[in-house]
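As the structure lists them, so they are numbered: ligands from 1, and atoms in each ligand from 1. Just the heavy atoms: all of them, side chains too, but no hydrogens, waters or symmetry mates, feed the values below.
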Amino acid sequence: MIIKPKVRGFVCVTAHPEGCAAHVQEWIDYVQAPAPIKNGPKRVLVIGASTGYGLASRVAAAFGSQAATLGVFFERPSEEGRTATPGWYNSIAFTQAARAAGLYAKSINGDAFSDDIKQQALNLLRADLGQVDLVVYSLASPRRTHPKTGAVHKSTLKPVGAPYTNKTVDTDKGVVSTVTIEPANEQEIADTTAVMGGEDWEMWMQALADARLLAPGAQSVAYSYIGPEVTWAIYKNGTIGLAKNDLERAAKNIDSLLKFNGGGRAFISVNKALVTQASSAIPVVPLYISILYKIMKERGTHEGCIEQIYRLFATQMYNGATPKFDESGRVRIDDWEMRPEIQAAVRTIWPRVTTENLADETDIAGYRREFLKLFGFGLAGVNYEAETEPHRTLP
Ligand code: NAD
């Protein structure tokens, strides 16, 4: 089969196995180039391990620190004549590369919110690794079936309290328009917190603690975003931001649990806005990212997921000292994004962007390249005209 991108709004419904493998290899090469992460993690559980920040965490742990990794994710496998979701191909490529390097790598594909998948992970960890010294929680999901009540919660990306009107871009068509998003109701706020808040992270950590699978001093990190004022109504002060507040609440509880477990810690790392499957679904944010990329690339401070997570591990979590926390106890690897001169430049460009000048005022071309790369398209060295077998199995 010759596999081409089929973009539908903010998703691409096809993915290229060799392209995804080339993308994963770029990340592996990135973390192998510098010195290994000193005193880095050795036995790592990554929840949400197949794409974006979670995959970057898995790659950084394995290839930057020689860690054994168990990855949990929820991807659609390939079938005869039908491509998988990219995280499936990413995980195949990661596993092959890790094992070729002599590293333990196993994965569980299923709903991380369920008791069943948690139990499967506990069983595998007990049998294969004994204990873990790092748990990365990097889920981004549109829904969650609650394991105790059976209720299905759907997350929404809406403002809270009042309608929000701002510019947005259709990244596929390149059209800038004004969008008004009506505020969420109480149920939508509660549902978004049930999906993207901290309860499930707490359930994972409690289950690992009860099963005595946390090594003394084990750490756990989950990822969040804050961003600039122009996106606050839809992000920081919107339904997703309220869910992230709940993630911060959970971080404090888990931190107490881990402190008690041989002096470990749990915290939130606030990461940079990047093109991922999750962020491309948020209104307004892709326009902000397109402007941000242009400015940060011009100044030589642009980073992707792998650069961000390598920096988190090497300079914060495993730097031989305590990470640098902000006033709310979070690690800030969004620090370069939030530099005043970067944000001042965003504020200058924002009001003047139109459909006509989008290509000049923003890095929409870079956004689109990054977006297609998420699905394995546009990678150097991949022959996209060649016949490719879409049906691949996870080793
Ligand atoms: P992503 O969509 O690339 O990855 C999500 C991961 O979650 C995938 O591995 C997917 O398989 C997994 N997943 C989803 N539902 C699942 C389920 N039910 N069971 C098991 N696995 C499931 O997203 P991302 O952008 O890397 O986001 C990861 C975290 O980073 C999120 O908490 C997000 O809020 C945060 N974050 C993202 C950005 C950004 O700009 N992308 C910035 C800062 C923080």
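A side chain to side chain donor-acceptor pair (under 3.5 Å) with Y225 is found for one member of K272, E337, K236 and no other, namely E337.
Minimum heavy-atom separation, Y288 to P228: CE1-CG, 3.3 Å. Scanning all heavy atoms of the two residues, the minimum distance from R58 to S107 falls at NH1-OG, 3.1 Å. Residues G161 and P183 approach most closely at N-CB, 3.8 Å, considering heavy atoms.
Side chain of T193 to main chain of I189: a donor-acceptor pair is present (N/O by atom type, distance under 3.5 Å, no hydrogens or angles).
For ligand 1, the protein residues placed under 4.0 Å by at least one non-hydrogen atom are G48, A49, S50, T51, G52, Y53, F73, F74, E75, G110, D111, A112, F113, S138, L139, A140, S141, Y223, S224, Y225, Y235, K244, N271, K272, A273, L274, T276, Q277, A278, S279.
Residue-environment remark: CZ (R212) stays at or below the threshold of 12 foreign heavy atoms within 6.0 Å.
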